[in-house]
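One-based numbering, in listed order, for ligands and for the atoms of each.
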Amino acid sequence: MDTILVVNAGSSSVKFQVYSIEGEGTLRRQIKGQMDGIGSRPRLRAGGASGQSLADRAYPIEAVPDVPAAMAVAGDWLRNELQVTPIAVGHRVVHGGPDYSRPVLIDHGVVSRLERFVSLAPLHQPHNLAPIRSLLTNFPKLPQVACFDTAFHRNHDAVADHYAIPHQLHAEGVRRYGFHGLSYEYIARTLPGVAPAIAKQRVIVAHLGSGASMCALMDGRSVESTMGFTALDGLPMGTRPGQIDPGVLLYLISEKGMPPSKVQDFLYRECGLKGLSGISNDMRELEASDDPQARLAIDYFVYRIALNAGMLAAALQGLDAFVFTAGIGENSESIRARVTARLEWLGAVLDAGENARHARLISHADSRIPVYVVPTDEELMIAQHTLSLLMNGQSHNARPERVS
Ligand code: AMP
């Protein structure tokens with residue numbers, strides 16, 4: 001059975017999924033796993049297609065000190081114990097920089113170009129690239145594909161791509177990129193099946209997870225995003241503040257004497273729901289708490305989603321549908337209800353019963369615009385991109401070799 005391996009490597013975990021390639025290029029998820037606790041308490045966990053556990057084992061810290069080691073351990077497990085030998089690997093790479101507006105087949109030249117964007121995403125890009133490099137070294141014939149979080153947004157108009165700063169910085173790459181592009185692309189591709197009437201119209205998608213952003217879609221294309229140069233801007237997130245006056249950062253530097261590394265840590269790890277609530281970055285815990293600070297954090301989250309919806313509706317010059325997705329968007333009845341209540345002026349009216357049963361369409365029959373819940377699947381998007389690049393590449397290249 002031909003398979004594709006999808007890898008999503010972060011600083012302390014490597015998530016992976018294996019898809020089998022069935023007739024007519026259909027992909028079926030067979031294995032989902034992750035190696036987490038890299039460099040601290042390494043643990044491999046994986047499950048099969050029907051959720052059955054395939055592995056749950058701890059490793060000594062010396063066995064899995066870094067991301068390449070985690071990739072090697074997971075790869076050995078897949079090859080040696082499950083006899084999985086993928087014909088290609090698709091990687092999530094957070095930053096494709098200004099040039100990549102679609103996935104790309106990886107070679108050493110591509111890796112060098114992607115290394116240039118490490119400074120644009122210092123917490124993600126190095127970890128995304130580490131397994132790519134080690135696979136290039138150990139399995140040079142194995143086709144690898146990089147799929148970017150930025151690519152889906154690369155065709156924004158100039159006004160949506162710029163900051164009001166001297167042009168030289170834009171030329172250097174200081175631009176409004178936008179992220180979560182694989183999630184939005186998946187939703188855009190799914191909408192014609194879910195809601196053909198609105199798929200070509202003006203749609204706001206709210207990706208509400210630990211990371212959160214919103215995207216304005218016109219005819220299935222991204223025209224605006226709440227995120228910009230980094231994945232810090234826009235909505236408040238689990239531990240990131242979202243939109244913040246840059247003057248606050250100047251204050252932290254000049255008045256609090258924070259060095260750049262502390263400011264970075266603060267922005268990525270100490271703010272957002274966690275910072276505001278002082279309790280947790282996890283929406284479930286905040287919803288279960290009656291602490292006033294937890295309530296404030298949720299109020300702020302809902303308020304900022306509604307404010308940003310207004311901004312995106314302005315970018316679209318109107319609105320024909322609203323879509324919730326990701327962990328909070330797919331699961332929190334209460335956040336969806338509260339956000340939709342704030343969108344009434346845009347024509348959204350909730351059907352409380354449908355919302356409570358987590359239906360796909362949660363707006364009332366009288367709602368001027370439909371409101372949907374569409375589960376996202378970034379890994380499937382990566383697998384699809386990898387397969388199509390592989391198939392299209394076949395007219396130029398020999399059939400990819402199976403790696404054993
Ligand atoms: P993600 O990053 O997409 O996995 O989303 C993670 C976020 O979704 C966390 O803040 C979780 O608390 C939140 N989440 C997951 N399930 C629920 C739920 N049933 N109710 C509220 N929030 C949830």
Side-chain angles (χ1 to χ4, degrees), residues 6 8-17 29 32-34 36 45 47 51 92 94 123-124 127-128 149 152 178-187 190 205-215 225-227 231-232 234-242 268-291 293-305 323-341 350 352 354-360 362 372-382:
V6 171
N8 181 359
S11 58
S12 65
S13 74
V14 174
K15 297 182 182 148
F16 59 90
Q17 300 197 3
R29 192 182 338 258
K32 178 176 181 175
Q34 69 181 67
D36 52 25
R45 271 181 275 235
R92 180 185 202 156
V94 71
L123 297 190
H124 296 98
H127 307 297
N128 300 156
D149 270 315
F152 188 60
F179 296 85
H180 293 133
L182 292 159
S183 173
Y184 294 126
E185 188 176 9
Y186 176 83
I187 302 290
T190 303
V205 184
H207 176 108
L208 309 177
S210 317
S213 72
M214 291 159 75
C215 176
S225 157
T226 57
M227 279 181 167
L232 286 169
L235 302 180
M237 297 166 237
T239 56
R240 292 170 255 166
Y268 279 95
R269 298 190 216 281
E270 300 300 331
C271 295
L273 298 175
K274 178 183 172 192
L276 190 48
S277 70
I279 294 173
S280 172
N281 61 341
D282 192 306
M283 183 57 82
R284 279 165 297 200
E285 281 184 45
L286 298 181
E287 286 188 339
S289 166
D290 49 19
D291 187 294
Q293 287 301 114
R295 279 209 294 278
L296 174 64
I298 297 176
D299 290 349
Y300 184 79
F301 186 66
V302 169
Y303 175 63
R304 300 303 304 194
I305 294 167
V323 177
F324 288 100
T325 193
I328 299 170
E330 291 167 28
N331 296 299
S332 175
E333 172 193 347
S334 129
I335 296 289
R336 289 195 304 255
R338 294 187 56 189
V339 169
T340 309
L350 191 75
E354 293 300 284
N355 186 40
R357 69 175 195 89
H358 301 280
R360 184 153 273 198
I362 58 168
Y372 289 94
V373 180
V374 180
T376 194
D377 196 337
E378 291 152 293
E379 287 77 14
L380 179 58
M381 198 67 245
I382 295 171

Requested in this report: Indicate the ring-plane relationship of His207 and Tyr184, choosing parallel, tilted or perpendicular according to the 30° and 60° boundaries.
Outcome: perpendicular
Query - Minimum non-hydrogen distance to atom 23 (C) of ligand 1, winning option of His180, Glu378, Glu287, Arg284 - result: Arg284
Query raised in the report: Arg336 side chain to Gly329 main-chain N or O, any donor-acceptor pair under 3.5 Å?
Result: yes
Report task. Just need the protein heavy atom nearest to atom 13 (C) of ligand 1, so name the residue and atom and give the distance. Result -> Ile328 CG1, 3.5 Å
Query raised in the report: Taking the side chain from Thr325 and the backbone from Thr376, do they hold a donor-acceptor pair closer than 3.5 Å?
Result: yes
Query raised in the report: Against heavy atoms of Ala326, which atoms of ligand 1 measure under 4.0 Å?
Result: 3 (O)
**Report entry** Contact atoms of ligand 1, heavy-atom distance to Gly209 under 4.0 Å
**Finding:** 1 (P), 2 (O), 3 (O), 5 (O)
Query raised in the report: Which residue owns the protein heavy atom closest to atom 14 (N) of ligand 1, what's the atom, and how far is it?
Result: Gly327 O, 3.7 Å
Requested in this report: Give a yes-or-no answer on whether the side chains of Asp36 and Gln34 include a donor-acceptor pair shorter than 3.5 Å.
Outcome: yes
Requested in this report: Flag the pair Asp299 / Arg338 as yes when at least one side-chain heavy-atom distance between them is below 4.5 Å, and no otherwise.
Outcome: yes
Query raised in the report: Is there any N or O on Gly211 that sits under 3.5 Å from an N or O of ligand 1?
Result: no
Report summary line: re atom 12 (O) of ligand 1, the protein heavy-atom contact at minimum distance is Asp282 OD1, 2.4 Å
Report task. Output yes when the distance from some N or O of ligand 1 to some N or O of Met283 is under 3.5 Å, and no in every other case. Result -> yes
Query raised in the report: What is the closest protein heavy atom to atom 19 (N) of ligand 1, and at what distance does it sit?
Result: Asn331 CB, 3.4 Å
Query raised in the report: Are any of the side-chain heavy atoms of Leu232 and Tyr268 separated by less than 4.5 Å?
Result: yes
Report task. State, with a plain yes or no, whether a side-chain heavy atom of Arg304 is found less than 4.5 Å away from one of Thr226. Result -> no
**Report entry** Residue, atom name and distance, where the atom is the protein heavy atom closest to atom 6 (C) of ligand 1
**Finding:** Ser210 OG, 3.4 Å
